Protein chains: 2
Amino acid sequence: MTTRKIRMTQQRRFILEELRRIRSHPSADEIYEKVRRRLPRISLGTVYRNLNILTECGMIQRLETGSAQRLFDGDPRAHYHLRCVVCGRVEDAPVEPIIAIEDALRELSDYEIIGHRLEFIGVCPHCNKRDDVERG
Amino acid sequence: MTTRKIRMTQQRRFILEELRRIRSHPSADEIYEKVRRRLPRISLGTVYRNLNILTECGMIQRLETGSAQRLFDGDPRAHYHLRCVVCGRVEDAPVEPIIAIEDALRELSDYEIIGHRLEFIGVCPHCNKRDDVERG
DNA sequence: TTATATGCAAATGATTTGCGTAGTC
DNA sequence: GACTACGCAAATCATTTGCATATAA
């Protein structure tokens, strides 16, 4: 449990800034493209390293997706997500987290429960509209 | 939307059998190792192909994990999971799914909600015991 | 000053795919 | 017999890592 010293480099700051500015939940590659406009010599490896460090520090969150590619969330607070099955986009769900949801399980399981993740699955308005058109 | 004909090959049947027999949620590689005992010439590619086809058919489920590796679940019914943060093991959570959980969001979101996934995070009894020992 | 971080490129690891052959329906 | 699936090996894709150099504290 060595406490590591974190230096605030330009790369790290820009990555964090982009992540906080964007409402969506971008992939490492999307962040790389954004930051590259301001820091043309940054490498993709550096982006990955920083995303991992910032995740470990609890300054950002890493989202699991169905595919191999992960997404990142600049908001470190507990909140739920809403995923579009058609286009894969992930947004924050406009509901507050319900911590009480863990209580029932505490009595029924021999696990020590420390949290939960809830994700809603749906079709976003954009894809919904497009589906209508395609169906005629 | 071409309806594809699915043939029940030995490989496919054995994969399905293993997945249904096992209570845990194995990776493609673990399934490969199990099936290989009965079908020594099966290839890992075939295992992946079948796991994907069975997932598309809704006969099994594919689980997202924090890492790149996916896990598979022989139970196709809607149910929640319980993940150990220490060892990564995933079990079924001993609670019934609550469909009503989606209702609140239907009014608050412009997404067409079609489902949700809930995962509890905790420490399994096995890892909990080990932690105690290590802390002394 | 000195440990931490970077850029680059090569390595990794899980998963997918092309192709010729085998097996199911 | 026709068409799906298989085994094998090579390809792909996201992510990680080794190393020499640069930079924040």
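Just so it is clear, the structure is predicted and the values come from calculations on it, not from any experiment. Below, chain A is the first sequence line, B the second, and so on; all start at residue 1.
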Given DNA chain C, 5'-ward residue of the pair A:Leu39 and B:Leu71, judged by closest heavy atom
A:Leu39
Tell me whether the rings of B:His116 and A:Phe120 are parallel (<30°), tilted (30 to 60°) or perpendicular (>60°).
tilted
Distance test, side-chain N/O of B:Asn52 to OP1/OP2 of C:dT16, below 4.0 Å
yes
Gap between atoms CZ and P, on B:Phe72 and C:dA14 respectively (whole Å):
13 Å
For B:Glu33 and C:dA14, what is the distance between atoms CD and P respectively, to the nearest whole Å?
12 Å
Return yes when atom CZ of A:Arg23 has more than 12 non-hydrogen atoms of other residues, nucleotides or ligands closer than 6.0 Å, and no otherwise.
no
Report the nucleotide, chosen from C:dT15, C:dT16, C:dC8, that has the shortest atom-to-atom distance to any side-chain atom of A:Ser43.
C:dC8
Between the side chains of A:Tyr111 and B:Glu91, is a donor N or O closer than 3.5 angstrom to an acceptor N or O?
yes
Quick one: B:Ile53 CD1 to C:dT16 C1', roughly how many Å, whole number?
13 Å
Let me know the distance between CD1 of A:Ile15 and P of C:dA5, rounded to the nearest Å.
12 Å
Among D:dT15, D:dG7, D:dA5, which is the nearest nucleotide to the side chain of A:Arg70?
D:dT15
Whole angstroms only, please: what is the CZ-P distance between A:Arg13 and D:dT23?
14 Å
Report which part of the nucleic acid A:Asp29 touches: base, sugar-phosphate, or nothing (heavy-atom distance under 4.0 Å, all strands).
nothing
Protein-nucleotide distance (B:Ile6, atom CD1; D:dC6, atom C1'), rounded to Å
15 Å
Of B:Ala68 and B:Val47, whose closest DNA chain D nucleotide lies nearer the 5' terminus?
B:Val47
With respect to the side chain of A:Ile42, which nucleotide from C:dG7, C:dT16, C:dT4 is positioned closest?
C:dG7
Indicate the atoms forming the closest heavy-atom contact of A:Ile60 with A:Pro76, along with that distance.
N-CB, 4.3 Å
Apply the test salt bridge (charged side-chain N to carboxylate O under 4.0 Å, His left out) to residues B:Glu18 and B:Arg37: give CA-CA distance (whole Å), side-chain angles for both, the deciding distance (0.1 Å), then the verdict.
CA-CA 11 Å; B:Glu18 282 301 337; B:Arg37 291 182 206 150; over 6 Å; no
Return whichever of A:Gly45 or B:Arg62 has its heavy-atom-nearest nucleotide of DNA chain C closer to the 5' end.
A:Gly45
Side-chain N or O of A:Thr9 less than 4.0 angstrom from OP1 or OP2 on C:dA5?
no
Short side-chain to backbone donor-acceptor contact, A:Asn50 and A:Thr46, under 3.5 Å:
yes
Expressed as a whole number of angstroms, how long is the span from B:Leu51:CG to C:dT15:P?
9 Å
Closest approach to the side chain of B:Arg7, judged atom by atom: which nucleotide of D:dA14, D:dC3, D:dT23 is it?
D:dC3
Ranking D:dG7, D:dT4, C:dC8 by distance to the side chain of A:Arg41, first place goes to C:dC8
From OH of B:Tyr32 across to C1' of C:dG13 the rounded distance in Å is 16 Å
Heavy atoms under 4.0 Å, any strand shown: does B:Arg49 hit a base, just sugar-phosphate, or nothing?
base
Selection from D:dA24, D:dC6, C:dC8 that lies nearest to any side-chain heavy atom of B:Asn50
D:dC6
A:Gln11, nearest nucleotide to its side chain (from D:dA24, D:dA5, C:dG7)
C:dG7
Looking at D:dG7, C:dT6, C:dC25, which one has an atom nearest to any side-chain atom of B:Met8?
C:dC25
Need to verify one output field. Residue with the more 5' nearest nucleotide on DNA chain D, B:Gln10 or A:Ser27?
B:Gln10
